[in-house]
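Numbering of ligands and ligand atoms starts at 1, following listing order.
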Amino acid sequence: MMKRRASKVISVGGVEIGGAGPIVVQSMTKTDTRDVKATVRQICQLEECGCEIVRVAVPDMEAARAIVDIKKGITIPLIADIHFDFSLALMALRSGVDGLRLNPGNITDAEQIARVVHAAKEKKVPIRIGVNAGSLPKLSNKKASVVQHMVDAALGEIRLLESLDFDLIKVSLKAFDVPTTVAAYEAIAKKTPYPLHLGITEAGLPWAGSIRSAVGLGILLNEGIGDTLRVSLTTPDACRDVEAAYEILKSLKLRERGPTLVSCPSCGRSETDIVGLAQMVEERLKGVEKTIKVAVMGCVVNGPGEARDADVGIACGKGRGVIFRKGEKVRTVEEADLLEALMAEVEKV
Ligand code: SF4
């Protein structure tokens with residue numbers, strides 16, 4: 001069993017991050033923040049699929065002001081993503097935002113940062129120091145590696161915030177490159193007690209991006225590093241990031257949420273279209289909220305035994321299949337009835 005890194009606990013709009021609490025799943029909207037209706041609609045969709053904190057881009061004053069109305073339509077905490085212009089952070093705070101993300105690479109004026117920090121402190125709003133390998137601040141040590149550069153940028157910003165008597169801090173050091181990301185988080189984890197927000201930045205299209213994120217974040221989480229995470233996939237489907245994040249956490253037994261589908265890869269023993277059946281089951285399980293493990297196996301000989309830990313499953317044979325629970329046969333059904341029989345069994349669990 002992994003030992004979780006001891007970290008401080010901060011509250012982002014009532015959601016606690018850090019300590020021994022659950023690893024919080026975050027996402028970011030893909031809408032124009034100034035379009036309040038579309039942004040609220042997307043956040044509600046994200047809430048439904050399990051997003052616990054949401055971030056919006058704040059590229060201008062209109063977007064910063066829109067936060068007032070967005071907040072009225074949502075229930076999860078809202079974070080403003082600020083780059084370059086500190087006055088957008090001040091406006092976001094005035095608009096009632098629950099958290100800020102500042103990039104130390106593009107807001108560098110200490111006086112401007114101090115103004116934001118004072119305003120955030122007054123409202124007890126946490127700040128994420130969001131270091132990104134692609135937009136690092138200039139550092140005096142020209143020979144530093146990217147990892148060192150990222151860690152130094154984060155530590156410099158932490159020291160600045162602490163010198164202003166501010167400790168509602170969360171830190172991220174994101175890169176596209178998995179070894180760089182892992183090394184940067186491993187290094188910062190030893191140097192600061194603040195909670196860490198994990199992410200592989202610009203991870204890519206859903207298939208490769210999910211694998212890349214699972215490898216990078218999985219390594220860190222398995223080392224006990226990470227208090228919250230966001231998976232960043234290139235997809236119009238807002239929920240894919242959140243679903244991928246939960247799959248990563250579920251794989252490491254760090255969170256439970258909804259059904260888990262176990263399906264065999266099929267082989268020469270199978271006499272059924274196992275791929276088609278597994279896809280249909282996956283589709284039908286989308287509406288199920290209970291935490292349940294469901295198996296779709298390609299043969300009766302090995303299926304029930306191989307998926308013994310599934311709460312309920314089907315093992316397909318020629319023209320018929322077996323419904324099983326925890327590896328024990330419940331009944332035999334005709335092939336045409338397999339899907340409905342399985343879903344009926346899921347209902348019963
Ligand atoms: Fe092959 Fe049966 Fe195993 Fe599926 S469950 S991979 S069909 S042996």
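Looking only at protein heavy atoms, the nearest one to atom 2 (Fe) of ligand 1 is Cys299 SG, 2.3 Å. Of all protein heavy atoms, the one closest to atom 1 (Fe) of ligand 1 is Cys267 SG, 2.3 Å. The closest protein non-hydrogen atom to atom 4 (Fe) of ligand 1 is Cys264 SG, 2.4 Å. When hydrogens are left out, the protein atom nearest atom 8 (S) of ligand 1 is Asn302 ND2, 3.3 Å; that is the closest non-hydrogen contact.
A salt bridge links Asp227 and Arg5; the closest N-O separation between the charged side-chain nitrogens and carboxylate oxygens is under 4.0 Å. Salt-bridge check for Arg257 with Glu243: failed, with every basic side-chain N at 4.0 Å or more from each acidic carboxylate O. Using a 4.0 Å cut-off between charged side-chain N and carboxylate O, Glu157 and Arg128 make no salt bridge. Under 4.0 Å is where a charged nitrogen must lie from a carboxylate oxygen, and between Arg55 and Asp81 at least one such pair does.
In the vicinity of Glu306, heavy-atom distances shorter than 4.0 Å reach the ligand 1 atoms 3 (Fe), 5 (S). For ligand 1, the atoms lying closer than 4.0 Å to a non-hydrogen atom of Arg269 are 8 (S).
Residues Met343 and Leu277 share a single hydrophobic cluster, defined by chaining ILVMFWY side chains whose heavy atoms lie under 4.5 Å apart.
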